[in-house]
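Chain letters run A, B, ... following the sequence lines, proteins first and then strands; every chain starts at 1.
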Amino acid sequence: MRGSCVEWERTLGGKRPQELERAVRGARVARVGRRGKFIILDLERRGREAGCVVVHLRMTGRLSVEPERSEPGPWMRVALRLDKGEELRFVDVRKFGRLVPASRPADVHGELGPEPLEARFSADWLYEALRGRRRMLKPLLLDQRFLAGLGNIYVDEALHAARLHPLRRSDGISRAKATLLHAVIRQTLAEAIEREGSSFDSFYRTPEGRPGSYQHQFQVYGRTGRPCRSCGRAVVRIVVSQRGTHLCTRCQPRPRARRVRILPPS
DNA sequence: AGCTACTCCTGGTAGC
DNA sequence: TGCTACCAGGAGTAGC
């Protein structure tokens with residue numbers, strides 16, 4: 001790479017433009033990988049490892065390779081100048097995305113849970129991991145340290161498919177339910193990938209600019225007030241740990257309220 | 001340990 | 001029509 005151009009410094013997640021410049025100038029991208037929601041560009045110089053650039057698109061971020069001379073548009077935050085007059089552009093309307101130079105990916109993303117589509121994520125692992133925590137299912141499944149890669153949409157869809165209420169506590173889940181949840185998480189993600197993601201507004205696009213089509217498969221997400229596709233009852237929206245959460249109260253019955261002993265006045 | 005509240009941002013939209 | 005106020009989202013942080 002020939003260098004970098006930073007239009008919005010906070011995209012660098014605390015690093016300075018000079019650090020990005022030093023990281024990429026004269027380096028080549030040896031491979032492009034992914035861990036959870038992070039995209040990882042491994043860099044090398046003269047055949048030797050030379051750190052990485054870690055990208056998180058958050059909601060509205062996009063990466064694309066464009067001719068350097070083309071119009072970057074108002075939302076370009078960072079560009080990495082490639083050979084042959086091209087550049088890798090990070091475009092992000094809402095400025096939540098990150099593009100960070102680092103020695104190792106973990107310096108940016110920290111500890112992450114298993115990949116849902118890899119073998120380490122097994123039904124047995126999920127059952128034991130759920131039992132080992134005492135958290136509500138929704139925030140637990142959104143926690144990237146627990147499981148890497150699920151976001152708000154796919155947690156709501158997976159919990160509906162597993163007929164589990166988002167407020168259910170993780171340590172009360174039966175082995176059968178954990179096995180079902182494991183299967184539907186994989187199925188939900190695999191199908192969403194197959195359909196190139198969910199595009200419910202103009203921001204979400206593939207790198208080629210096409211919208212995904214998984215939004216047409218939504219069972220509950222964004223369907224507040226509309227009938228559940230399984231049973232017909234109106235989908236409900238609640239807020240759980242600051243996240244909009246969609247569910248069917250018939251298909252996903254509320255957790256049994258724990259019995260509270262009322263103490264007599266002393 | 002695990003919860004809530006707050007922050008970062010801006011385009012879209014609901015309500016007037 | 002044009003204005004304002006609020007909402008959506010992932011993840012980091014602070015406080016309890």
Side-chain angles (χ1 to χ4, degrees), chain A residues 6-15 34-40 54-63 72-78 90-100 102 105-113 115-116 128-159 165-173 185 188-189 192 197-205 209 211-212 214-215 218 220-226 235-247 255 257-258:
Chain A
V6 177
E7 300 283 349
W8 183 257
E9 192 165 336
R10 287 188 198 175
T11 299
L12 303 183
K15 297 285 172 66
R34 179 192 62 78
R35 179 74 175 94
K37 300 176 186 173
F38 296 85
I39 296 165
I40 296 159
V54 180
V55 180
H56 196 310
L57 304 176
R58 296 284 173 98
M59 283 87 63
T60 55
R62 268 172 79 183
L63 285 173
W75 302 309
M76 191 182 83
R77 307 308 176 190
V78 177
F90 183 67
V91 173
D92 184 22
V93 172
R94 290 184 192 164
K95 299 181 174 175
F96 277 15
R98 295 288 180 264
L99 186 152
V100 184
D107 295 346
V108 178
H109 65 230
E111 290 297 315
L112 291 174
E115 290 287 330
E128 296 298 338
L130 290 172
R131 281 200 347 162
R133 308 291 192 99
R134 297 176 162 208
R135 295 180 65 182
M136 296 184 292
L137 289 176
K138 169 96 183 196
L140 183 58
L141 292 174
L142 282 174
D143 187 339
Q144 304 298 297
R145 294 167 301 183
F146 180 77
L147 185 61
L150 286 181
N152 201 42
I153 292 174
Y154 302 114
V155 169
D156 282 6
E157 292 297 313
L159 287 174
H165 194 287
L167 299 179
R168 285 273 302 263
R169 258 177 50 166
S170 62
D171 54 342
I173 303 304
I185 285 172
T188 301
L189 283 181
S198 311
S199 308
F200 38 81
D201 63 31
S202 56
F203 298 130
Y204 302 86
R205 291 293 180 270
Y214 192 71
Q215 66 276 14
F218 288 168
V220 284
Y221 183 84
R223 302 192 73 248
T224 311
R226 297 170 63 195
V235 170
V236 163
R237 180 182 180 276
I238 61 176
V239 175
V240 182
S241 52
Q242 319 296 110
R243 280 293 95 77
T245 298
H246 309 77
L247 69 142
R258 285 190 299 282

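- Spacing between atom CD of A:Q215 and atom C1' of C:dA8 amounts to 16 Å, rounded to whole angstrom units.
- Note: A:Y214 and A:Y154 meet the aromatic proximity criterion, with ring centroids under 6.0 Å apart.
- Applying the side-chain contact (heavy atoms from CB on, under 4.5 Å) test between A:T11 and each of A:R77, A:M76, A:H56 identifies A:R77 as the sole match.
- Take A:H165 and apply the ring pair (Phe, Tyr, Trp, His ring centres under 6.0 Å) test, not counting sequence neighbours, and it matches no residue.
- In this structure, the CZ atom of A:R145 is 10 Å from the C1' atom of C:dG12, given to the nearest Å.
- Nucleotide C:dG10 holds its P atom 5 Å from the NZ atom of A:K37, rounded to whole Å.
- In this structure, A:E9 contributes its side chain and A:G14 its backbone to no donor-acceptor pair below 3.5 Å.
- In this structure A:V240 satisfies the side chain to side chain contact (heavy atoms under 4.5 Å, CB included) test together with A:M136, A:K138, A:P139, A:L167, A:I238, A:T245, sequence neighbours excluded.
- By the 4.5 Å heavy-atom criterion applied to side chains, A:R98 and A:V54 are not counted as neighbours.
- Taking side-chain N and O atoms only, A:H56 has no distance below 4.0 Å to OP1 or OP2 of C:dG10.
- For A:E7, there are no side-chain hydrogen bond (donor to acceptor under 3.5 Å, both in side chains) partners two or more places apart in sequence or in a different chain.
- Protein atom CD1 of A:I238 is 15 Å distant from nucleotide atom C1' of B:dT4, rounded to whole Å.
- Remark: P of B:dT4 and CG of A:D143 are 14 Å apart, rounded to the nearest angstrom.
- Distance A:D107 CG to C:dG12 C1': 17 Å, rounded to the nearest Å.
- At distances below 3.5 Å, not a single donor-acceptor pair connects side-chain atoms of A:D156 with backbone N or O atoms of A:Y221.
- Inter-axis angle, ends of the helix from B:dG2-C:dC16 to B:dC16-C:dG2, five pairs per end, rounded to 10 degrees: 50°.
- As a whole-Å value, the separation of A:L142 CG from C:dA11 P is 8 Å.
- Taking atom CD on A:Q144 and atom C1' on C:dG12, their separation rounds to 13 Å, with Å as the unit.
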Taking only nitrogen or oxygen atoms into account, show me every contact under 3.5 Å that the protein makes with nucleotides 6-10 of chain B, one pair per line with its distance.
| residue | atom | partner | partner atom | Å |
| --- | --- | --- | --- | --- |
| B:dC8 | O3' | A:R10 | NH1 | 3.2 |
| B:dC9 | OP1 | A:R10 | NE | 3.4 |
| B:dC9 | OP1 | A:R10 | NH1 | 2.7 |
| B:dC9 | OP2 | A:R10 | NH1 | 2.6 |
| B:dT10 | OP1 | A:K95 | NZ | 2.5 |
| B:dT10 | O2 | A:R94 | NE | 3.3 |

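- The side-chain heavy atoms of A:R58 and A:D92, taken from C-beta on, include no pair separated by under 4.5 Å.
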Identify each atom pair where a protein N or O and an N or O of nucleotides 1-3 of chain B are less than 3.5 Å apart, giving names and distance.
| residue | atom | partner | partner atom | Å |
| --- | --- | --- | --- | --- |
| B:dG2 | OP1 | A:R134 | N | 2.7 |
| B:dC3 | OP1 | A:M136 | N | 3.1 |
| B:dC3 | OP2 | A:R135 | NE | 3.1 |

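- A:D107 places no side-chain N or O within donor-acceptor distance of the main-chain N or O of A:A102, the cut-off being under 3.5 Å.
- Residues A:L137 and A:L130 form a side-chain contact, since some pair of their non-hydrogen atoms from C-beta on lies under 4.5 Å apart.
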